[in-house]
Q: 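Pasting a structure below so you can have a look.
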There are 2 protein chains.
Amino acid sequence: MTDRDASLETIQRELTAFARRARAAAARLHPELSLVSYTLLAHLEERGGCRATDLAAHYLLDKSTVSRQIAGLERLGFVERRPAPEDQRAQVLHLTARGGDTLAQVAANRRDAFRERLADWDGADLDRFAGYLLRYNASNRTPGRRTPQA
Amino acid sequence: MTDRDASLETIQRELTAFARRARAAAARLHPELSLVSYTLLAHLEERGGCRATDLAAHYLLDKSTVSRQIAGLERLGFVERRPAPEDQRAQVLHLTARGGDTLAQVAANRRDAFRERLADWDGADLDRFAGYLLRYNASNRTPGRRTPQA
DNA sequence: ACCTTTAAGTTGTACTATACAACCAGACCT
DNA sequence: AGGTCTGGTTGTATAGTACAACTTAAAGGT
């Protein structure tokens, strides 16, 4: 086996291990917001509101899945629906104050967890690791679709 | 925000994105074996058989979950149970020939997918990325438990 | 030796995330 | 106006998972 193969093997193994653990780890870190809910809220915050369809396209989720996720978040009072001015079919989803607070709280938890976990990494390594992850994820775009990235 | 914070932010975001996509991506890559089944089979192969309890401990899964996963793999003819010589309660799980073949096939698919995806990375980058992932995952050990790693 | 406790595994039950298909309602095109 | 497309909800099904109750066997204490 070449060095290259050994590296590939390690990358595959470690990413697999990470993937297996991630959801449960996130659930432990913030039981009040699943990884997906967290992501959806974060997206709403970042964009300042968008439609359910946009979320589905962006995250490659079925619209029914998004519909139910949003329904859950609305039930929790984290999201509100506003009529879309230009299209009566559509709704624009917005974070509520409560949703924003919760998101901020969870984001802070996550940030702290990462900060602590990576506390003994030096800055240059962090920077390179971040770069590699970006590069890896960027190569994920399903060929043939116009980068419905997620 | 410091450079360090920016890197942490990126790492967090990209790992989250990866985690969100991983299961579905694995399912697309090999529909016949979920990420968890794949991992369990790979573990059995690597160890040459072990008990269900060991799998549960290793992967931080409930024993009922493992029991059902194994039942499924047995139904598919990928795993067989052998009596444990030293403990009448226990069973030692082994890969069958069919299970080994399927695993090899899936592993080859995965290897190819990673190879292709990382085709334009140079060897040094692959090596560093692998090292970072190892280091990151190694820091995951839940404190207070004796490294029931997964 | 007996009784209690612990360990391995299964099964009942419940919940979450997800997909696909059927559907409804509004929009758009000709 | 009629047909088609699009945004969204709902019905249904599946996978993965956990927790609790249970069964059986092993281990330990007295």
Side-chain angles (χ1 to χ4, degrees), chain A residues 16 19-28 30-41 44 49-76 79-94 148 150, chain B residues 16 19-28 30-41 44 49-76 79-94 148 150:
Chain A
T16 301
R20 212 186 323 105
R21 276 185 250 123
R23 270 163 205 254
R28 240 174 287 128
H30 44 79
E32 70 277 34
L33 226 48
S34 77
L35 204 53
V36 170
S37 302
Y38 170 79
T39 304
L40 296 183
L41 289 189
L44 289 184
C50 72
R51 299 172 313 160
T53 293
D54 303 332
L55 293 173
H58 196 85
Y59 295 112
L60 296 183
L61 293 169
D62 191 80
K63 56 191 181 152
S64 66
T65 301
V66 173
S67 175
R68 287 183 233 263
Q69 288 283 334
I70 294 298
L73 292 172
E74 191 185 22
R75 230 175 293 120
L76 291 168
V79 159
E80 68 183 12
R81 304 162 192 260
R82 300 188 196 155
E86 287 309 303
D87 188 337
Q88 289 308 109
R89 290 168 304 180
Q91 308 157 2
V92 183
L93 306 169
H94 285 270
Chain B
T16 301
R20 210 183 327 103
R21 276 186 252 122
R23 270 165 205 254
R28 240 173 288 125
H30 44 77
E32 69 278 32
L33 226 46
S34 76
L35 205 53
V36 170
S37 303
Y38 171 78
T39 304
L40 296 182
L41 289 190
L44 289 184
C50 71
R51 299 175 311 160
T53 293
D54 302 332
L55 293 173
H58 195 84
Y59 294 112
L60 296 183
L61 293 169
D62 192 80
K63 55 191 182 150
S64 66
T65 301
V66 173
S67 175
R68 287 184 233 265
Q69 288 285 334
I70 294 298
L73 292 172
E74 192 186 22
R75 228 176 294 121
L76 291 168
V79 158
E80 66 182 15
R81 306 163 192 258
R82 300 188 195 158
E86 287 309 301
D87 188 337
Q88 289 307 111
R89 291 169 303 181
Q91 308 157 1
V92 184
L93 307 170
H94 285 269

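Just so it is clear: chains get the letters A, B, ... in the order the sequence lines come, proteins before strands, and each one is counted from 1.
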Q: What is the distance, rounded to the nearest whole Å, between atom CZ of A:R82 and atom P of D:dG8?
A: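 A:R82 atom CZ is separated from D:dG8 atom P by 15 Å.
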Q: For the atom pair CD (A:Q69) and OG1 (A:T39), what is the distance rounded to the nearest 0.5 Å?
A: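 That separation rounds to 9.5 Å.
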Q: Calculate the interatomic distance between A:Y38 atom OH and C:dA17 atom P; express it in whole Å.
A: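 For the pair A:Y38 OH and C:dA17 P, the rounded distance is 16 Å.
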Q: Taking atom C1' of D:dG8 as reference, at what distance in whole Å does atom CG of A:D62 sit?
A: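 After rounding, the gap between these two atoms is 11 Å.
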Q: Regarding B:T53, tell me which of base, sugar-phosphate or nothing describes its non-hydrogen contacts under 4.0 Å with the strands shown.
A: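 Touches sugar-phosphate only.
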Q: Taking 4.0 Å as the cut-off, does a side-chain nitrogen or oxygen of A:S67 come that near to OP1 or OP2 on D:dT9?
A: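 Yes, such a contact exists.
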Q: Tell me whether the side-chain N/O atoms of B:T65 come closer than 4.0 Å to OP1 or OP2 in D:dA18.
A: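 Yes, such a contact exists.
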Q: Please check if any side-chain donor atom of A:S64 sits under 3.5 Å from a side-chain acceptor atom of A:S67, or the reverse.
A: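 Checked: A:S64/A:S67 side chains show no N/O donor-acceptor pair below 3.5 Å.
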Q: Rounded to whole Å, how long is the line connecting atom CG of A:L35 with atom C1' of D:dT17?
A: 16 Å
Q: Confirm from the modelled atom types if A:R68 and D:dT12 form a donor-acceptor pair under 3.5 Å, side chain to base only.
A: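 Pair found.
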Q: With a 4.0 Å cutoff (strictly under), does any side-chain N or O of A:Q69 reach OP1 or OP2 of C:dT16?
A: no
Q: Could you state the atom-to-atom distance from OH of A:Y59 to P of C:dT18 in whole Å?
A: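 One finds 13 Å between P of C:dT18 and OH of A:Y59, rounded.
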Q: Output, in order, the C-alpha distance, side-chain angles, deciding distance and verdict of side-chain contact (heavy atoms from CB on, under 4.5 Å) for A:E74 and A:L76.
A: CA-CA 5 Å; A:E74 191 185 22; A:L76 291 168; over 6 Å; no
Q: Over all strands shown, is B:V66 touching base, sugar-phosphate only, or nothing at heavy-atom distances under 4.0 angstrom?
A: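 No contact.
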Q: Between the base of C:dT10 and the side chain of B:R81, is there a donor and acceptor pair under 3.5 angstrom?
A: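 Under the 3.5 Å cut-off, the side chain and the base do not form any donor-acceptor pair.
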Q: So what does B:R23 hit on the nucleic acid, given a heavy-atom distance under 4.0 Å: a base, only sugar-phosphate, or nothing?
A: sugar-phosphate
Q: Round to a whole Å and report the spacing from CD1 of B:I70 to P of C:dT11.
A: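 Rounded to the whole Å, the gap is 14 Å.
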Q: Measuring from B:E80:CD to B:I70:CD1, what's the distance to the nearest 0.5 Å?
A: 12.0 Å
Q: Listed by chain and number, what are the side chain to side chain donor-acceptor pair (under 3.5 Å) partners of A:T16, not counting sequence neighbours?
A: B:R110
Q: Could you go over nucleotides 23-28 of chain D and give all protein N or O partners under 3.5 Å, atom names and distances?
A:
{"unit_1": "D:dA26", "atom_1": "OP1", "unit_2": "B:Q88", "atom_2": "N", "d": "2.9"}

Q: Closest nucleotide of DNA chain C for A:S34 versus for A:K63: which of these residues is on the 5' side?
A: A:S34
Q: Could you measure the distance from the OG atom of A:S34 to the CZ atom of A:R23? Nearest 0.5 Å is fine.
A: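 Output value for this atom pair is 7.5 Å.
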Q: Kindly give the heavy-atom pair with the smallest separation between A:A52 and A:V66, and that separation in Å.
A: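 So the minimum-distance heavy-atom pair works out to O-CG1, 3.7 Å.
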Q: Could you check how far CD of B:E74 sits from P of C:dT11, rounded to whole Å?
A: 11 Å
Q: Please state how far atom CG in B:L61 lies from atom P in C:dT10, giving the value in whole angstrom units.
A: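 After rounding, the reported distance stands at 15 Å.
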